[in-house]
S.K.: 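My questions all concern the structure below.
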Amino acid sequence: MGVIESLLLGFKVVLDPTNILFCFIGVVIGTLVGVLPGIGPVGAMALLLPATFKASPESSIIMLAGIYYGAMYGGSTTSILVNIPGEAASVVTCLDGYQMARQGRAGPALGIAAIGSFIAGTLSVVGVMLVANPLAEAALRFGPPEYFALMCSGLVILTYLAQGSVLKALMMALVGLLLGSVGLDIITGLPRFTFGVNELTDGVGIIPLAVGLFGISEVLINVEKTLETEILRTEITNVWPSLKDWAAAKWAVLRGSIIGFFLGTLPGGGAILSSFVSYAVEKKISKHPEQFGKGAIEGVAAPESANNAAAGGSLIPLLSLGIPPNVVMAMLFSALIIHGIQPGPLLIKNNPNLFWGLVASMYVGNALLLLLNLPLVGMWVQVLKVPSRVLFPLILLFCLIGAYSVNNLIFDLYLMIFFGGLGYLMRKFGYEAAPLVLAFVIGPVLEQALRQSLLISAGSLLIFVTRPISAVALGIAFLLLLSNLLPYFKKYRAEYEGFEE
Amino acid sequence: MKILDRGSSLLWLLFSLYAGIESFRLGIGTPTNPGMGFTAFGASGLLGILSFILFWQSMVRKGEATAPPVFSGSSWSKVVLVLIAILLYAFVMPGVGYLLGTFLLMSFLFWILSPGRVWRVLAYSFLTTTITYYVFAKLLNAQLPEGLLRF
């Protein structure tokens, strides 16, 4: 089947009334969690995963993906109007978006964010369509060593890009691997680390873990502050950018789309990194860099386009290789597994309806989001006025119901509360949850790949360096780890030279 | 952060030691035939090494003689109360049921986050409980505990 026929098949899938309803629900919830500071796309996806159990795999994945790219759209609204990013990928939008709003230009800022997101989202879908299938065919030649090396390098890149300490991020990835090994052993089928608790035989659930670390801990951090957000009182009259705005922003949108798409495909990359890099590139090549931070429209267009393009790009390693490049894709990976679909090179061949349905749903979803975010921007502003004293108890209740309703187990509630408390302390002590969750999800696959590789090579570790793809992937990971040590070497060398003098 | 890192690194070091011992008990096996504890032993060993490096860094790093005020100035007592409340909720919900348990939990949460008029807190809690019950139990067919009220 050619690309056009496959895409037509995808549209046939997505235009089914049930699937289009799930797509709509996904993008609405995504925009909502993007608008509301408190719960991000990972928490929302974990929370809504149980609600998709009775739906078809196509409907579920369409909805969950809609939450992700919908959150990218919604996140800009709070950044522009409140100077508080709705989610991490919109942090950099605050710099110029809020300044534009203060200058009475909230409308064009919201408009360029939505239109830029639409263009970038659509371009990234074209990219997914063209790249995913050939990559999946190439990946059929990958063996366990290649998978092990790619997953290791993904984890290392994610920790390298951590917002805080790389050392702590690496530690969290190892904790995630240990948590992922709880349950039945993949080869012998015997229980391990279950401590006689029957509920742990199936392992630690992804939903109690993710909802606890991302949902409950977020509420606890906000409960501590109990600050009410102040919405900028500005008239949002015209959301369509002027011709002058367009002229200034068009290349920023295109560059943001390209940067976002490619950084999204990298293991460890994603929307957050893309938005920061595209902002930095725009500022560097701009003829008037001094205007950045003071309300430059390019400073809104580039990061908002990049984070949406990255949302599409990061689907490629998940759907073609079966490797989630970031924590959001780890949630989609879990959803596919729960629905009995193995992500990997055979996914496109064995489940064309799901893959092409998802691709087509992103076209439809982006169009829906444009409608939701431009004419209805006033409605989202009203949502921002929901006081936190009402919002946070509600989020907490949804987390509790979400964790309980997966298996109807009170044990899952205890687990979620434990991880909520742990996540709260981790934030306080400067540890990030994203490497932990990603390592937890890919941990069992990584372990299987490692043990299979060792069985193939009769215990020789050389198998990882004699095969080109795994050697390159591990080489990159090693160099990145080594680059963290360079500042220490330089420091000690300077001290040593000072001592000699 | 220096003193906090010292404390947290020691905790992770202890955790890695425990995980390492448990993995060893499960059986590490050999490289030609890796056992059940092979990967976990490697991961806990690496975690132990990294925790030790963090601890060492916190000892030799210059500046910050005292711990920064992580909890001071914030309403951390509310956090503890919220955690206790949801733990109690998980404990009593199977017995008292979703409706009563949730009504009590939400009343407490609304009250603790914004102490105000009692009738407003009770009204918010009643609405939240009944709407979520209708959506999850009736529309989405979630099996929520019935408890004492039997519905």
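Excluded from the calculations below are hydrogen atoms, water molecules and symmetry mates; all remaining heavy atoms, backbone and side chain alike, are included. Labels below follow one simple rule: chain letters A, B, ... track the order of the sequence lines, proteins then strands, and each chain is numbered from 1. The model shown is predicted, which means the values in this text are computed figures rather than measured ones.
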S.K.: Identify which part of A:P191 has an atom lying under 4.5 Å from any heavy atom of chain B, answering side chain, backbone, both or neither.
M.R.: backbone
S.K.: Using a 4.5 Å cut-off on heavy atoms from C-beta on, say whether the side chain of B:M93 contacts that of A:L413.
M.R.: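 A side-chain contact exists here, since the closest heavy-atom pair is under 4.5 Å.
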S.K.: Name the region of A:L394, side chain, backbone, both or neither, that has any atom closer than 4.5 Å to a heavy atom of chain B.
M.R.: both
S.K.: Answer with side chain, backbone, both or neither: which region of A:L450 has an atom nearer than 4.5 Å to a non-hydrogen atom of chain B?
M.R.: side chain
S.K.: With a 4.5 angstrom heavy-atom cut-off, could you sort out which part of A:I401 is near chain B: side chain, backbone, both or neither?
M.R.: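 Contact with chain B involves the side chain of A:I401 alone.
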S.K.: Taking atom OH of A:Y414 as the centre, report whether more than 12 heavy atoms of other residues, nucleotides or ligands fall under 6.0 Å from it.
M.R.: yes
S.K.: Would you please name every residue forming a side-chain hydrogen bond (donor to acceptor under 3.5 Å, both in side chains) with B:Y98, sequence neighbours left out?
M.R.: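 Testing B:Y98 for side-chain hydrogen bond (donor to acceptor under 3.5 Å, both in side chains), a comparison that skips the adjacent residues, returns B:T132.
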S.K.: For A:L178 versus B:A40, what's the shortest heavy-atom pair and its separation?
M.R.: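 That closest heavy-atom pairing would be CD2-O, 3.4 Å.
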S.K.: Using a 4.5 angstrom heavy-atom cutoff, name the option from B:S16, B:P94, B:A43 with the most pairs to chain A.
M.R.: B:A43
S.K.: Any side-chain hydrogen bond (donor to acceptor under 3.5 Å, both in side chains) involving residues 36-55 of chain B? Give me the pairs, sequence neighbours left out, ordered by first then second residue.
M.R.: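 Qualifying pairs, neighbours excluded: A:E447-B:T39.
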S.K.: Out of B:L54, B:I53, B:L50, which one pairs with A:L170 under the side-chain contact (heavy atoms from CB on, under 4.5 Å) rule?
M.R.: B:L50
S.K.: Using heavy atoms and a sub-4.5 Å threshold, report which of residues 20-28 of chain B line up against chain A, by residue number.
M.R.: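 Heavy-atom contacts from residues 20-28 of chain B to chain A are B:E22, B:S23, B:L26.
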S.K.: How many angstroms lie between atom CZ of A:F429 and atom CG of B:D5, to the nearest 0.5 angstrom?
M.R.: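 Rounded to the nearest 0.5 Å, the CZ-CG separation comes out at 9.0 Å.
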S.K.: Which atoms form the tightest heavy-atom contact between A:I410 and B:A90, and what is the distance?
M.R.: CG2-O, 3.3 Å
S.K.: Drop me the distance from B:F38's CZ to A:R451's CZ, to the nearest 0.5 angstrom.
M.R.: 9.0 Å
S.K.: Should A:V175 and B:W12 be marked as a side chain to side chain contact (heavy atoms under 4.5 Å, CB included) after you check the CA-CA gap, both sets of side-chain angles, and the distance that decides it?
M.R.: CA-CA 9 Å; A:V175 173; B:W12 289 121; 3.6 Å; yes
S.K.: Nearest heavy-atom pair of A:R389 and B:F110: which atoms, and what distance?
M.R.: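 A:R389 and B:F110 have their closest heavy atoms at O-CD2, 3.5 Å.
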S.K.: Answer whether the closest heavy-atom distance between the side chains of A:P393 and B:L113 falls below 4.5 Å.
M.R.: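 Yes; the side chains approach each other to less than 4.5 Å.
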S.K.: Which atoms of A:F411 come close to chain B, meaning under 4.5 Å heavy atom to heavy atom: side chain ones, backbone ones, both, or neither?
M.R.: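 It is neither, since no heavy atom gets under 4.5 Å.
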S.K.: Do A:L400 and B:L105 come close enough that some side-chain heavy atom pair is under 4.5 Å?
M.R.: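 Yes. Closest side-chain heavy atoms under 4.5 Å.
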S.K.: The criterion is side chain to side chain contact (heavy atoms under 4.5 Å, CB included); which residues satisfy it with A:T188, sequence neighbours excluded?
M.R.: A:D185, A:L190, B:M36
S.K.: Can you measure from CD1 (B:I86) to CD1 (A:I417) and round to the nearest 0.5 angstrom?
M.R.: 4.5 Å
S.K.: Which class fits the ring pair B:Y18 and A:F195: parallel under 30°, tilted 30 to 60°, perpendicular over 60°?
M.R.: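 Answer is parallel, since the angle falls under 30°.
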S.K.: Measuring from A:F418:CZ to B:L83:CG, what's the distance to the nearest 0.5 Å?
M.R.: 11.5 Å
S.K.: Quick one: CZ on B:F136 to CG on A:L397, what's the gap to the nearest 0.5 Å?
M.R.: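 It comes to 7.5 Å.
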S.K.: I'd like to verify something: which residue of B:F91, B:F15, B:Y124 has the highest number of heavy-atom pairs under 4.5 Å with chain A?
M.R.: B:F91
S.K.: Just so I understand: if I count every heavy-atom pair under 4.5 Å between each of A:L396, A:I187, A:L461, A:L446 and chain B, which residue has the most?
M.R.: A:L396
S.K.: Which atom names give the shortest non-hydrogen contact between B:P31 and A:L454, and what distance separates them?
M.R.: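 For B:P31 and A:L454, the tightest heavy-atom pair comes out as O-CB, 3.4 Å.
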S.K.: Please classify the contact between B:V79 and chain A as side chain, backbone, both or neither, with a heavy-atom cut-off of under 4.5 Å.
M.R.: both
S.K.: Shortest non-hydrogen contact from B:S8 to A:Y431?
M.R.: OG-OH, 2.7 Å
